[in-house]
Amino acid sequence: MTIAAESKTIEHGGASHNGEPTGMYKWLTSTDHKVIGKSYMYTSLVFLLIAGSMAMIIRAQLMSPNGHVVSQQMYNELFTIHGSIMLYLFAGPFAFGGFANFILPLQIGAPDMAFPRLNALSYWLYLTGGTTMLLGFFTAGGAAAFGWVAYAPLSSYTNAPGPGPDLWIIAIALTGFSGIFTAVNLVTTAFYLRAPGLTMFRMPIFTWSMVVTGMLILIAFPILTAAMIMLYCDRHLGTHFFTVSGGGSPVMWQNLFWFFGHPEVYILALPYFGMVSEIVPVFSRKPVFGYKGLVFATLAIAALSTGVWAHHMYTTGTVLLPFFSALSLLIAVPTGIKVFTWIGTMWGGNISFKTPMLFVIGFIVTFVMGGMTGVMLASPPIDFAVHDTYFVVAHFHQVLAGTAIFAGFAGFYYWYPKLTGRMLRESLGKLQFWMAFIAFNLTFIPQYLAGLRGMPRRVPVYLVQDHVTFLNQLSSVGAFVTFLSFVVWLVNLWVSWKKPIAAGDNPWDGHTLEWGTSSPPPHHNFTSLPPIRSQRPVWDANHPEHADHLNHELPKKEAIRR
Amino acid sequence: MKIEYRIYLGIGLFVSVLTVVYFFWAKEYGGATMFFGTAGLGIMPAMYMGWWHRRMKPRPEDTENATMAESKGAIGAFPSYTIWPFVLGMGAFMSALSLVFGEWTLVIGGALLIFGAR
């Protein structure tokens with residue numbers, strides 16, 4: 001494998017690979033996908049802690065029926081920015097900016113992403129976008145306070161004056177562009193930079209998930225960016241896209257937003273499904289069960305997700321209920337196939353319950369619980385009853401937060417040795433898992449019940465007569481303990497940094513190409529590649545007697561006679 | 001290129017079906033327009049990749065028994081480091097802030113953008 005010398009850097013002063021900058025200047029100038037991936041990952045984890053702290057304030061406010069922790073305006077700002085950060089700045093970028101950037105080129109044996117400079121630019125747009133969103137808290141009118149969905153007419157200039165909402169719009173536009181650039185990069189890299197012999201149907205499931213996520217981003221994000229520009233024009237340039245007074249339609253905003261917003265849910269979820277599909281086979285010491293089923297389920301989820309946006313809008317009365325209900329219910333089928341294949345992979349396997357595997361099992365439990373309530377919500381009669389109650393809040397937290405936290409940390413514990421060359425401590429990891437798992441469910445299961453008792457979302461106070469006080473207290477205690485579990489994780493990071501345990505190249509006996517290089521990988525990733533004859537090239541190289549491709553070479557008739 | 005092309009084609013065709021069904025059933029033109037655009041976002045890349053698929057031999061990465069030696073020549077040009085993405089990013093950031101804080105940030109941002117994109 002040869003990699004051409006970069007002509008441009010030579011023009012700029014002839015720096016060789018040895019003369020590379022270090023420290024801060026390296027971070028600013030690097031176009032290496034590994035540096036950018038790590039920057040994405042750690043930036044998004046900082047955003048997770050910021051938004052998590054906001055959730056703690058929200059839960060403190062709801063500890064008692066008439067909470068006075070923050071003012072009602074401040075409460076609105078907090079839940080808006082909490083949701084916006086979690087969805088736009090943490091869950092997505094952590095997976096498709098962080099993990100995908102770092103892991104995808106390694107998994108397909110590529111030296112870097114297809115467009116390294118674009119990759120760097122998309123990180124800077126993401127960082128500045130995130131900063132812009134937080135800047136809202138430093139303006140006189142405060143940050144945006146209309147919820148992460150910014151429904152018209154709440155987001156009009158009359159109802160949301162001041163620079164805070166504008167900063168929110170700019171922030172979403174910047175991160176939107178960042179997401180689009182990353183998606184272009186991911187899809188191009190997977191299509192054009194695979195190693196010889198690594199056909200599409202030999203790509204690891206994580207890479208497949210990232211390809212499909214990239215395709216979904218390219219469909220969904222442009223609409224979001226367009227909607228943001230329209231909203232800005234409505235606020236400042238006198239247009240009337242979403243205002244009734246000028247002949248516009250507020251429901252149009254909901255259509256545009258959710259046409260982005262529902263694929264976005266799968267943009268957030270699919271990468272984590274991919275991580276789980278990598279971790280389950282490694283810790284069950286089996287190849288993944290139903291590889292093509294997983295691939296086609298991923299594609300089916302992506303295709304169907306473009307046609308379900310209006311299930312967020314049943315109660316507007318302007319949408320075709322049978323169409324959207326049928327498509328929403330259909331999505332449960334490929335999702336069910338995925339859960340089935342994960343369990344099928346574990347079935348009869350030699351399972352080792354290391355921290356990543358524990359987190360994966362925690363993910364499957366919470367995700368199935370959230371998914372079941374999702375199927376309930378897809379049916380209009382139930383949705384009419386519980387729309388905009390805490391039932392919905394509990395549902396999407398179990399699906400999205402459960403996925404991002406449990407599958408995300410599973411991925412983090414699994415790939416951290418590859419990222420740094422150091423191991424995280426198993427004992428602290430298991431402590432973190434059990435704290436997070438118990439406390440997370442303690443947070444959200446009471447919220448289902450509170451929702452069924454009629455507690456609406458986004459309220460800072462409630463009445464004693466509503467009989468939701470105890471449920472809210474349970475939920476708050478759960479939330480505080482969940483936050484403490486992140487402190488355990490920070491301690492784990494600190495311990496692994498101060499007293500490193502060397503990981504070696506392949507601590508988990510992994511299957512895919514990223515485990516076939518050193519930890520952390522060298523410049524341009526590989527000094528040599530093993531021959532790729534199956535979906536598990538590194539497994540084949542390490543266990544030649546059990547190599548996957550041997551089975552394929554058996555004549556079919558003989559295999560049956562045995 | 002065959003599988004890449006068929007994935008995009010599959011998504012494009014599926015959304016095309018949805019477009020037709022939705023257009024005649026819901027009679028709601030906003031959603032139908034978005035469906036139509038999405039179908040295009042599937043079919044257009046499919047046409048590009050299908051065009052190439054018919055005109056080139058299978059690449060080493062499309063061949064099951066390819067060896068490392070079959071990928072000849074340079075894979076691509078990968079810069080080792082460059083400051084310009086950072087300059088462009090800061091330019092875009094400052095220019096975008098001008099929509100909120102007034103034109104003075106556009107002066108800085110525009111200068112950085114021109115300097116970075118030159």
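Just so you know, these numbers use all the heavy atoms, side chains as well, and skip hydrogens, waters and symmetry mates. Predicted, not measured: the structure shown is a model, and the values here were computed from it. Throughout, protein chains are lettered first and strands after them, A, B, ... in sequence-line order, and every chain is numbered starting at 1.
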**Student:** Using heavy-atom distances under 4.5 Å, tell me whether A/Pro165 contacts chain B through its side chain, its backbone, both, or neither.
**Tutor:** neither
**Student:** Among A/Leu299, A/Thr139, A/Leu167, which residue forms the greatest number of heavy-atom pairs with chain B at distances under 4.5 Å?
**Tutor:** A/Leu167
**Student:** Can you say whether A/Met215 sits under 4.5 Å from chain B via the side chain, the backbone, both, or neither, judging by heavy atoms?
**Tutor:** both
**Student:** What are the residues of residues 16-25 of chain B, in order of number, with any heavy atom under 4.5 angstrom from a heavy atom of chain A?
**Tutor:** B/Leu18, B/Val21, B/Tyr22, B/Trp25
**Student:** Quick one: which of A/Leu28, A/Val319, A/Leu125 has the most heavy-atom pairs under 4.5 Å with chain B, could you say?
**Tutor:** A/Leu28
**Student:** Heavy-atom distance under 4.5 Å to chain B: side chain of A/Ile170, backbone, both or neither?
**Tutor:** side chain
**Student:** I'd like to know which of A/Val211, A/Asp32, A/Val187, A/Asp166 tops the heavy-atom pair count under 4.5 Å against chain B.
**Tutor:** A/Asp166
**Student:** A side-chain contact here means heavy atoms from C-beta on lying under 4.5 Å apart; do A/Asn525 and A/Lys34 qualify?
**Tutor:** yes
**Student:** Which region of A/Pro116, side chain (C-beta onward) or backbone (N, CA, C, O), has a non-hydrogen atom less than 4.5 Å from a non-hydrogen atom of chain B, or is it both or neither?
**Tutor:** side chain
**Student:** Quick check on B/Glu64 against chain A: is it the side chain, the backbone, both or neither that has a heavy atom closer than 4.5 Å?
**Tutor:** both
**Student:** Taking the six-membered ring of B/Trp51 as reference, does the cationic atom of B/Arg54 (NZ for Lys, CZ for Arg) lie under 6.0 Å from its centre and within 45° of its axis?
**Tutor:** no
**Student:** Mind checking side-chain hydrogen bond (donor to acceptor under 3.5 Å, both in side chains) for A/Trp124 and listing every partner two or more places apart, or none if nothing turns up?
**Tutor:** none
**Student:** Of the listed residues (A/Pro222, A/Ala171, A/Pro196), which shares the most heavy-atom pairs with chain B below a 4.5 Å separation?
**Tutor:** A/Pro196
**Student:** A/Tyr25, A/Tyr123, A/Phe177, A/Phe324: which one forms the most heavy-atom pairs within less than 4.5 Å of chain B?
**Tutor:** A/Phe324
**Student:** Would you be so kind as to tabulate the donor-acceptor pairs closer than 3.5 Å made by side chains of residues 88-108 of chain B, with sequence neighbours excluded?
**Tutor:**
| residue | atom | partner | partner atom | Å |
| --- | --- | --- | --- | --- |
| B/Ser95 | OG | B/Gly91 | O | 2.6 |
| B/Ser98 | OG | B/Ser95 | O | 2.6 |
| B/Trp104 | NE1 | B/Phe101 | O | 3.2 |
| B/Thr105 | OG1 | B/Met94 | O | 3.1 |
| B/Thr105 | OG1 | B/Ser98 | N | 3.0 |
| B/Thr105 | OG1 | B/Gly102 | O | 3.4 |

**Student:** Could you tell me if the side chain of A/Asn255 sits less than 4.5 Å from the side chain of B/Glu28, heavy atoms only?
**Tutor:** yes
**Student:** Can you tell which part of A/Leu121 gets under 4.5 Å to a heavy atom of chain B, answering side chain, backbone, both or neither?
**Tutor:** both
**Student:** Do A/Trp309 and B/Phe35 have ring centroids that are under 6.0 Å from one another?
**Tutor:** yes
**Student:** Counting only non-hydrogen atoms closer than 4.5 Å, does A/Tyr232 touch chain B with its backbone (N, CA, C, O), its side chain (CB onward), both, or neither?
**Tutor:** side chain
**Student:** Against chain A, label B/Phe14 side chain, backbone, both or neither, depending on which of its atoms sit under 4.5 Å from a heavy atom there.
**Tutor:** side chain
**Student:** Relative to the ring of A/Phe257, is the ring of A/Phe260 parallel (under 30°), tilted (30 to 60°) or perpendicular (over 60°)?
**Tutor:** perpendicular
**Student:** Determine whether A/Trp258 and A/Trp253 make a side-chain contact, defined as any pair of heavy atoms from C-beta on separated by less than 4.5 Å.
**Tutor:** no
**Student:** Please walk me through it: do B/Asp62 and A/Arg194 pass salt bridge (Lys or Arg N to Asp or Glu O under 4.0 Å)?
**Tutor:** CA-CA 9 Å; B/Asp62 298 327; A/Arg194 299 195 307 275; 3.0 Å; yes
**Student:** With a 4.5 angstrom heavy-atom cut-off, could you sort out which part of A/Leu174 is near chain B: side chain, backbone, both or neither?
**Tutor:** side chain
**Student:** Where on B/Ile83 is there a heavy atom nearer than 4.5 Å to chain A: the side chain, the backbone, both, or neither?
**Tutor:** both
**Student:** Where is the tightest heavy-atom contact between A/Ile108 and A/Ala190, given as atom of each residue plus distance?
**Tutor:** CD1-CA, 3.9 Å
**Student:** Tell me which pairs pass side-chain hydrogen bond (donor to acceptor under 3.5 Å, both in side chains) where either residue lies in residues 38-48 of chain B, with sequence neighbours left out.
**Tutor:** B/Tyr48-B/Trp52
**Student:** For B/Tyr81, is the NZ or CZ atom of A/Lys26 found under 6.0 angstrom from the centre of its six-membered ring and inside 45 degrees of the ring axis?
**Tutor:** no
**Student:** Taking the side chain as every heavy atom from C-beta outward, state whether A/Met200 and A/Val295 have any pair of such atoms under 4.5 Å apart.
**Tutor:** no
